[in-house]
Number of protein chains: 2
Amino acid sequence: MEEGTSKSPGHTPVTDPAYCQKWDPREDCEVRQILDRVADKWSLLVIALLDLRSLRFTELRREIDGISQRMLTVTLRQLERDGLVRRTVHPVVPPRVDYELTPLGATLHDTIEALVTWTEEHRQEIAAARDEYDRRAARTDELVDA
Amino acid sequence: MEEGTSKSPGHTPVTDPAYCQKWDPREDCEVRQILDRVADKWSLLVIALLDLRSLRFTELRREIDGISQRMLTVTLRQLERDGLVRRTVHPVVPPRVDYELTPLGATLHDTIEALVTWTEEHRQEIAAARDEYDRRAARTDELVDA
DNA sequence: CTGCATCCTTCCTGATACTG
DNA sequence: CAGTATCAGGAAGGATGCAG
């Protein structure tokens with residue numbers, strides 16, 4: 001019936017004022033939707049590259065190792081829709097399309113840059129933590145085998 | 001001028017010194033691997049919640065609307081492996097497992113917080129951009145229909 | 001309560017063909 | 001060049017059942 005552990009009285013909800021003011025817990029909340037977009041693997045790279053200079057479709061494709069044509073298209077469309085990237089079609093042959101950050105996109109880059117910087121500053125620590133974790137896991141597996 | 005059609009001479013590579021110092025273009029580069037982790041949809045939310053206070057598995061599951069049990073487990077294991085989250089098992093019945101940020105994880109939270117703040121500060125602009133984009137798209141579709 | 005194992009669905013890549 | 005459309009194969013994610 002009722003499990004004493006997750007009952008109301010002793011349970012301090014994280015969804016109290018201090019939390020609710022910052023996070024809407026609903027899955028479809030606006031902030032979560034935007035976070036899913038800007039914290040996206042490919043969006044991050046596209047924005048970082050476009051901050052250096054405006055780029056054409058093929059240039060982006062070439063620079064971002066591992067991205068498929070489909071995902072680059074999808075990512076650029078999303079970023080354009082969100083007003084972070086401007087798409088400019090030049091009426092020439094062969095067609096030329098330039099992508100560049102909007103002022104809004106540029107402000108996002110500052111934040112993304114911080115994330116990249118953090119990653120670069122702490123990658124040694126993370127690599128060490130991974131080694132440590134994997135070594136422990138290996139030892140545990142040995143015990144299980146025995 | 002010289003279209004260069006992405007040939008060698010006229011093509012200004014983004015992978016020049018200014019770029020290479022910051023980004024390793026290879027897909028499997030360490031920085032990209034870590035970014036994929038910390039810029040992950042669920043990782044972001046987990047770290048944001050654990051910054052408020054340490055939480056149990058079920059508490060996290062309840063707070064993060066839409067996450068599956070599997071993904072919460074996977075996300076926590078990855079964060080633990082990377083040294084961002086500490087997992088503490090209390091030898092009691094029923095089992096009790098607490099998750100908390102490590103000092104390293106706490107430093108990451110500062111950066112994530114900036115991303116969340118950016119999102120909150122600009123969500124109106126993004127919503128407006130989306131409306132604008134969707135209206136244009138709707139009008140274009142009309143023309144196509146006609 | 002915690003979380004692994006299994007099945008099943010959805011998404012993504014990669015290749016290829018075609019339009020403007 | 002800059003896409004859209006399609007299809008096969010694979011990986012990621014969701015739902016469920018069960019074990020410690």
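Not measured: the values here are computed from a predicted model. Here is the naming used below: chain letters follow the sequence lines, and residue numbers restart at 1 for every chain.
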Rounded to whole Å, the CD-P distance (A:Glu80 to D:dA2) equals 15 Å
Establish, with yes or no, whether the OP1 or OP2 oxygen of D:dA2 is under 4.0 angstrom from a side-chain nitrogen or oxygen of A:Arg96.
no
Closest non-hydrogen atom pair between B:His109 and B:Ile47, with its separation:
CD2-O, 3.8 Å
Side chain to side chain contact (heavy atoms under 4.5 Å, CB included) between A:Val31 and A:Leu35: does it pass, once the steps are laid out?
CA-CA 6 Å; A:Val31 173; A:Leu35 276 177; 4.1 Å; yes
Please determine whether a side-chain nitrogen of the Lys or Arg among A:Arg81 and B:Asp134 lies less than 4.0 Å from a carboxylate oxygen of the Asp or Glu.
yes
Could you encode protein contacts along nucleotides 4-20 of chain C as a string, one character per nucleotide from 5' to 3', using B for base contact, S for sugar-phosphate-only contact and - for no contact, with a heavy-atom cut-off of under 4.0 Å?
B-------SB------B
Distance (rounded to the nearest 0.5 Å) between A:Glu59 CD and A:Leu50 CG
10.0 Å
Calculate the interatomic distance between B:Phe57 atom CZ and D:dG20 atom P; express it in whole Å.
18 Å
Report yes if at least one side-chain N or O of B:Tyr99 is closer than 4.0 Å to OP1 or OP2 of C:dC1; otherwise report no.
no
Provide, to the nearest angstrom, the distance between the CG atom belonging to B:Leu72 and the C1' atom belonging to D:dG13.
14 Å
Pairs involving residues 117-138 of chain B, ordered by first then second residue, that meet ring-ring contact (aromatic ring centres under 6.0 Å, His included) (sequence neighbours left out)
B:Trp118-B:His122
Restricting to non-hydrogen atoms, name the atom on B:Leu44 and the atom on A:Ala39 that form the minimum distance, rounded to 0.1 Å.
CD2-CB, 3.7 Å
A:His90 NE2 to D:dG3 P, straight-line distance once rounded to whole Å
13 Å
